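Reading through the structure tokens given below for one structure.
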There are 4 protein chains.
Amino acid sequence: MVSNTAAKRALPQRARKDEDKEARRRFILDEALKLYESTSYGDVKMADVAERAALAKGTVFLYFPTKEALFLTLLEDLLFAWFAKLEGLLAQDAGEWTGPRMARTVAESLEGEESLTRLLTLLQTVLEQNVTVEQVRRFKERLLEAQLRLGATVEARLPFLRPGEGPRFLVHLHVLVTGLRQMADVAPVTREVLALPHMAPLKVDFTAELTATLVILLRGLEAR
Amino acid sequence: MVSNTAAKRALPQRARKDEDKEARRRFILDEALKLYESTSYGDVKMADVAERAALAKGTVFLYFPTKEALFLTLLEDLLFAWFAKLEGLLAQDAGEWTGPRMARTVAESLEGEESLTRLLTLLQTVLEQNVTVEQVRRFKERLLEAQLRLGATVEARLPFLRPGEGPRFLVHLHVLVTGLRQMADVAPVTREVLALPHMAPLKVDFTAELTATLVILLRGLEAR
Amino acid sequence: MVSNTAAKRALPQRARKDEDKEARRRFILDEALKLYESTSYGDVKMADVAERAALAKGTVFLYFPTKEALFLTLLEDLLFAWFAKLEGLLAQDAGEWTGPRMARTVAESLEGEESLTRLLTLLQTVLEQNVTVEQVRRFKERLLEAQLRLGATVEARLPFLRPGEGPRFLVHLHVLVTGLRQMADVAPVTREVLALPHMAPLKVDFTAELTATLVILLRGLEAR
Amino acid sequence: MVSNTAAKRALPQRARKDEDKEARRRFILDEALKLYESTSYGDVKMADVAERAALAKGTVFLYFPTKEALFLTLLEDLLFAWFAKLEGLLAQDAGEWTGPRMARTVAESLEGEESLTRLLTLLQTVLEQNVTVEQVRRFKERLLEAQLRLGATVEARLPFLRPGEGPRFLVHLHVLVTGLRQMADVAPVTREVLALPHMAPLKVDFTAELTATLVILLRGLEAR
DNA sequence: AATGAATGAGGGTTCATTCAT
DNA sequence: CATGAATGAACCCTCATTCAT
């Protein structure tokens, strides 16, 4: 989660201390998230974010050099928060797990994370476009590390996985999430068309489909 | 393939016969495709398409009511052409196939189809946005039918598939293609970052990864 | 009225005889009028007129060189038809009239002539813009003549009018009609505003206001 | 008058104080007016206004949300300035006036106010189209109030007017101005036609005709 | 650090009219 | 005469970002 009680405390008009600056930064992210939840990336205007954060337009740019940078940071926050959450779920039971249980755990951990998965969809297409190498590098660096750590945990829970297949599984997961989220979020016109009874086979339910696919995938890894 | 020798024959200044109109239509699509191949959707301007097709700006709109309609049609053409191609590949050997062979065949049939896979990525996000219900409906109708037919062929080749798993497999394929294409096409900044040696695990090769994942997926289906 | 039973008879596909051409011409005008009645000048497209007349777009331009020419002709037809109607009304009773009676007769003769009065509003602003000198000349020539004739009749009915004041009265009438029609046809937003109770003084009822003003005007002429 | 010496003072690059913003606003209006004086509404592009005001295109939209809003404001300024001017003229001699004197005073006060009268012509047709209810409401509110106040003054000067006929007279004036301005501003082609000697009766001189009509109108009110 | 005024590039689409067929 | 495909000019407004204050 991005939100943070510190951010809710009244901030001084000018954030002089690093601590205040960090709080303001997080507050901006929170407001951006709220906006994003109810619309699309394109519909969230930087001016709206500023207004909701009770700041001037220019001030937002003191904290985030570009709109993409802001949302990449937001994605980062949400993503690593989710990593931690999943880590927690996997830590609860250090015993041996089955593929289906892992599939379910992972898929369900993504329920309610619509903002995260929607942002993931924009990652290479939009968010990494207008951003500094430094930010991308830091992001990828953290991603790599998380992938290794979390991958290791997954491997520990699923003994049939060979070394390196834990991280690999997470890549597959990323692919599936990106693809499924896009298929699940259809345009209004499309929704109308898919409402026709015989169109049912083209409808996609994000969590159900993700679970099912992960189950098969893990079974495929176990089978070998 | 969209391109078509008929389109290359000199067209009369005014396409009055249906045949000529169809040729011009395809010609416009061809030119749009060429433009799209070397840039992005956003960078292709309708004015450019018109210019390349040696037509006035307004003329393009005589054939396609909106930019999205044009590109959705293009995607449609490429997609169903690829369906036919795959159908052909699967027809060559009516015997029994293995999962890995199917995976390879499918993944390789998508090599060189970068425009198709990139457009697939825009399907719900962009192309189905500014388009009539009718066009979407016709598209989905055709898609449904192709999915069933091609799915049946896949089922026929892979005896371990249960009824309905052929079409299902194609949905998974769609998801994977969408997800992988997006991960494989990285922004310039990102390319730079991923060029660092230790970043290798984050790099994704479209065909290789697609093949590998399909292999696992099919093994998972067979294992049951 | 523009409409004409001859126009309703089925026309041959090609109008070769002058008679047929004239019928087709009137038919086009009729259809344009129907369209104009339910929308605004800007919203009537030449393509719509052609379609309603079951003709090709280009064909309409064989009969009217420009959109303005078409509507100027339409206005002409409606205007001179109304002149005739008014002439008729004034002819019914060749005795002496009062100002108020004249005012009422004139104003009421314009009820239901909304298309005419609305077009009158466009006369110099729009219709006389993209039209040949010849058409304008013919129009003004006819107008002049009608003004003199009808003006004479008015003078005959209202003995208190001095020579030349009949035509003059018609000019005033033209001015009032143009001004009032514009004030009476308010934009949707304005309608909303004028719906407020205290805004009543700003609301204008075309016929009522026209009658009242003409009464005063004629009294002013009589008073002298 | 819109122009204002304050606007001529050099403005800081950024108008931060309300006073400066108001000055810039007026400056934009002034430049729009100059443009409008030498062409037509349709020929004045927002881009031109910006250029003449030495501002970026977008900046103009910071001050006026739409082109219509800008010109409605311009009309408002001109109109209420004229109201004040007329009020002044009527105040100079608090004695008793005659109808003809009032007619002349009013008509002459409109000489040189061509922009005002031309804009008045566009009021309901164009200006009130793409504008918020709020702006229209404020405009009508002011109009109502001015009509009442100025109407009262008129009534005071012309004792033969009954209560309420002052404001009423102003409505008539509005109607006449709108109608006459339109008849007086003829298209080039029309001017050519009306130049023919025998066409003289169709020519309209704005001020002369307005005076004459007002004289008659007032005489009509007095006569009763 | 904060503000918010200023910037300015960017682009699909309509439709009266023309003209090849 | 009729057709209808082709033309192409014309244009307001948004909004991320900058920078004077």
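Naming convention: chains lettered A, B, ... in sequence-line order (proteins, then strands); numbering from 1 in each chain. These figures come from a predicted structure and were not determined experimentally.
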The test is ring-ring contact (aromatic ring centres under 6.0 Å, His included); show your working for D/Y41 and D/Y36 and say whether it passes.
CA-CA 6 Å; D/Y41 179 79; D/Y36 180 64; 7.1 Å; no
Distance-only donor-acceptor test (3.5 Å): side chain D/K21, base E/dG4
no
Is A/T59 reaching over with its side chain to a backbone N or O of A/L55, donor-acceptor style, under 3.5 angstrom?
no
Show me the dot-bracket string of DNA chain F, counting Watson-Crick or G-U pairs under 3.5 Å, with | for pairs to another strand and [ ] for crossing ones.
.||||||||||||||||||||
For the side chain of B/R14 and the base of F/dA5, is some donor closer than 3.5 Å to an acceptor across the two?
yes
Rounded to whole Å, OH of C/Y63 lies from C1' of E/dT18 at a distance of 18 Å
Within the 4.0 Å heavy-atom criterion, would you say D/D48 contacts the bases, only the backbone, or no part of the nucleic acid?
nothing
Send over the distance from D/L62 CG to F/dT17 P, rounded to a whole Å.
17 Å
Integer-rounded Å distance: F/dA16 P and D/K57 NZ:
18 Å
Walking DNA chain F from its 5' end, the first of B/A54 and A/M46 to be reached, judged by nearest nucleotide, is B/A54
Can you check the D/D18 CG to E/dA5 P distance for me, whole Å?
9 Å
Starting at CZ of A/F64 and ending at C1' of F/dC15, how long is that distance when rounded to a whole Å?
19 Å
Test your reading of the model: is there a side-chain donor-acceptor pair from D/K67 to the backbone of D/V44, 3.5 Å cut-off?
yes
Between CG of C/N130 and C1' of F/dA9 the distance, given in whole Å, is 15 Å
Distance, rounded to the nearest Å, where C/D20 contributes CG and F/dC1 contributes C1'
12 Å
Of all of residues 65-73 of chain D, which get a heavy atom below 4.0 angstrom from DNA chain F, listed by number?
D/T66, D/K67
